[in-house]
Amino acid sequence: MSYWQNVRKPQRACPRIRLGFEDSVGRPVQSLGIASAFPQAVRYLMIRTRFAPSPTGYLHIGGVRTALFNWILARQSGGQFILRIDDTDAGRNVEAALQPILDGFRWLGMDWDEGPEVGGAHGPYFQSQRGELYADAIAKLLASGHAYRDFAKPEELQALREAARESGQAFVYDRQWMAEDDATIEKYEAEGREGVVRLKMPREGQCVINDLIRGEVVVEWASEQDHVIARADGSPLYHLASVVDDHAFGITHVVRAAEHLPNTPRQVFIAQSLGYPLPTYAHLPYVAEPGGTAKLSKRKLDKYLKNRDFANLMARGKAIAERCSLTTEDDTFNPVLVDFYREIGFLPDALLNYLMLLGWSLDGEHEKFTREEMIKLFTLDRVNKAPASFDPAKLTSFQADAFAGLPDDQRTELVKPFAIAAGWVESGDAASEQRLADVVAAAGDRLKMAGDIIDFDYCFVDDYQINDKAYQKRIVKPAKAVELLAKLRDHLSACDDFSAAAVEKFVNDFCEQESIGLGEIIHALRVATTGAAGGFGMFDTLAVVGKERTLSRIDQTLAKVS
RNA sequence: GGUCCCUUCGUCUAGCGGUCUAGGACACUGCCCUUUCACGGCGGCAACACGGGUUCGAGUCCCGUAGGGAUCACCA
């Protein structure tokens, strides 16, 4: 079924137009490799989407996926992606809490056309600065009878709610403290009551939501509450502000997480009461916790740590953070949050590619996409309805694959900040930078993420840790290991050119001389010189470690064993 | 509890009535390659929640049941 056919009741603020087999700037899709096999013939023209974070100080991975879909929709249609800040809840330290979010977007390469720092024709983009618009809307709603002033005390309402719940009935406010005329308002105010503004929701009929992902969702109006849209001091609440802004910004598609689906009827009511055309809704399934079905939450770290793959990722992150002196104290160092991945050296494209596949698929065969392909190939009609659980192992696999695909010089640049942070490389110091480049080249795909460079600390520092298990197996246990190592050490001391090729020749000559196979000495040599059970090519390793350290480490090992 | 949503391998998914003895990917695992560790190649394990319909034929359509989830604020 095409995107077209899936739309049963067109409800749109902008006309839907067929674009044909070309992208937003008119290039034929055939120029895009696999994209040519999936021409998405039907598109909206100029989709305007928005992502509306509240300034919390961090970017949740599920939020990023929602933002990604919004961003793609705007980009693929030549429309706009808008960032709006939902700070109606008292502006405590908005500036500080917003910065990490904007940084996250920048790191991910999801640019916004309108919003904080870039402005736009519909600003301001902070809800705390749009009070007049909301006040107008509230006044209109009051005037048209779609809302009313209500003087119930919170505890009075709470009692009613509890009573309804106990009797198993849906709570329906009987509007007993509703005040629709001045006399009543004055009476309640004289009693010292405070009046909020409530929606006067319909008590009969149905609300039909036409959702691009869920299809037709029907809700009885009677099951809806008379939601509060303004506090006693007149300040607006989220739903009112959201609807007013979506309309003011000309949002054509409201694409958000499924937990907003139950909120949609009241928003539809607000929009309709204000005479707004309805945007097209699409409610995405939420991202679920690893191995589970509950919504992924940043607060359940302890629980997720029981998942092997999640624990491995976290452990990797901690190891990198520790070696590179990153701060893991604050609670943003958490695989549920985007910061984590930036800090340990993930590629934004890999993260995005993985996230796109959470709840969406092209055909079940193709999974790896360039950013251009993501934009080209994504369609809402292929988004699943069921929650998708976050799989750290698969994410890591995507990252490893993408990282390995980069040329050595790029990987070196990405790794460099980590090497510098670890104190192994000095920026501008040619010798240490060259060493780093050598290690990165030799390490090849053993580097899954930039922070993995920490595994090769023995290439950079004098001190090195000896893996005891490997030491026992390769040095203590084999009968001739120590003897051979001692002989090889003397042999190597005569090797002045310590390039990989030259060292290889020296070691091979040694083996021939002793009538042994390379395999009989190489393991002991590796453990002695690196302390590790594995690593990249032995001779590349020796060349990077250098003659001086190679010899002294063999000496240390020999001393340790005797 | 009310309302709404969801249900194919451990996980992400393909599947739009016959081509499904259910395909791909990650994970796990066997073998090969190999100086180690990786990579790579070739295999393996593993799923249509259950019950009724509709139909010549159902993973695919309908209805129930069960299970899971979201949401029920003067938060966003």
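Residue numbers start from 1 in every chain, and the chains themselves are labelled A, B, ... in the order their sequence lines are given, proteins ahead of strands.
Cation-pi check for A/K448 over A/F403 is not met; the charged atom does not lie both under 6.0 angstrom from the ring centroid and within 45 degrees of its normal. A cation-pi geometry, defined here as NZ or CZ lying under 6.0 Å from the six-membered ring centre and within 45° of its normal, does not hold between A/R84 and A/F249. Taking the ring centre of A/F398 as origin, the terminal cationic atom of A/K368 falls inside the region bounded by 6.0 Å and 45° from the ring axis.
Of the residues near RNA chain B, A/V228 and A/A164, the one whose nearest nucleotide (by heavy atom distance) lies more toward the 5' end is A/A164.
B/C16: no Watson-Crick or G-U partner with both key distances under 3.5 Å is found in any strand. Under the Watson-Crick or G-U wobble criterion, with both distances below 3.5 Å, B/G10 is paired with B/C26. Shown here, B/U54 forms no base pair; nothing in the strands shown gives a Watson-Crick or G-U wobble contact with both key distances under 3.5 Å. Summarising the base pairing, B/A70 is matched to B/U3 through a Watson-Crick or G-U wobble pair whose two defining distances lie under 3.5 Å.
Straight-line distance between the C1' atoms of B/A46 and B/A70: roughly 30 Å, to the nearest whole Å. Atom name C1', nucleotides B/A25 and B/G69: the rounded distance is 26 Å, in whole Å. Atom name P, nucleotides B/G10 and B/G1: the rounded distance is 29 Å, in whole Å. Straight-line distance between the C1' atoms of B/C62 and B/C26: roughly 36 Å, to the nearest whole Å. Nucleotides B/G68 and B/U60, compared at atom P, are 22 Å apart to the nearest Å.
Side-chain N/O atoms of A/H239 and base N/O atoms of B/A76 include a donor-acceptor pair closer than 3.5 Å.
Distance from the side chain of A/H523 is smallest for B/U36 among the nucleotides B/U71, B/U36, B/G69.
Put simply, CG on A/D381 and CH2 on A/W360 are 10.0 Å apart, with the number rounded to the nearest 0.5 Å.
Atom P of nucleotide B/A76 and atom CZ of A/R256 are separated by 14 Å, given to the nearest angstrom. In this structure, CG of A/L157 is placed 9 Å from P of B/A73, rounded to the nearest angstrom. A/W221 places its CH2 atom 16 Å from the C1' atom of B/C72, with the value rounded to the nearest Å.
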Are any protein N/O atoms closer than 3.5 Å to N/O atoms in nucleotides 2-12 of chain B? If there are, list each pair with its distance.
unit_1 : atom_1 : unit_2 : atom_2 : d
B/C5   : O2'    : A/R214 : NH1    : 2.6
B/U11  : O3'    : A/S389 : OG     : 3.2
B/C12  : OP1    : A/S389 : N      : 3.0
B/C12  : O2'    : A/L357 : O      : 2.8

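The side chain of A/R382 contributes no N or O atom lying less than 4.0 Å from OP1 or OP2 of B/U13. For the OP1/OP2 pair of B/A73 and a distance below 4.0 Å, the side-chain nitrogens and oxygens of A/R161 include at least one atom meeting the criterion.
Residue A/G535 is classed as a base contact, given a heavy-atom separation below 4.0 Å to a base.
With ring centers used as reference points, A/F346 lies under 6.0 Å from A/Y341. Here the two rings, on A/Y304 and A/F390, have centers that are 6.0 Å apart or farther.
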- Task: Please report the C-alpha distance between A/E166 and A/R161 in whole Å, then the side-chain angles of each, then the deciding distance to 0.1 Å, and finally whether the salt bridge (Lys or Arg N to Asp or Glu O under 4.0 Å) criterion is met.
- Result: CA-CA 9 Å; A/E166 267 166 41; A/R161 260 194 277 270; over 6 Å; no

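For NZ of A/K473, the number of neighbouring non-hydrogen atoms (other residues, nucleotides, ligands) closer than 6.0 Å is 12 at most.
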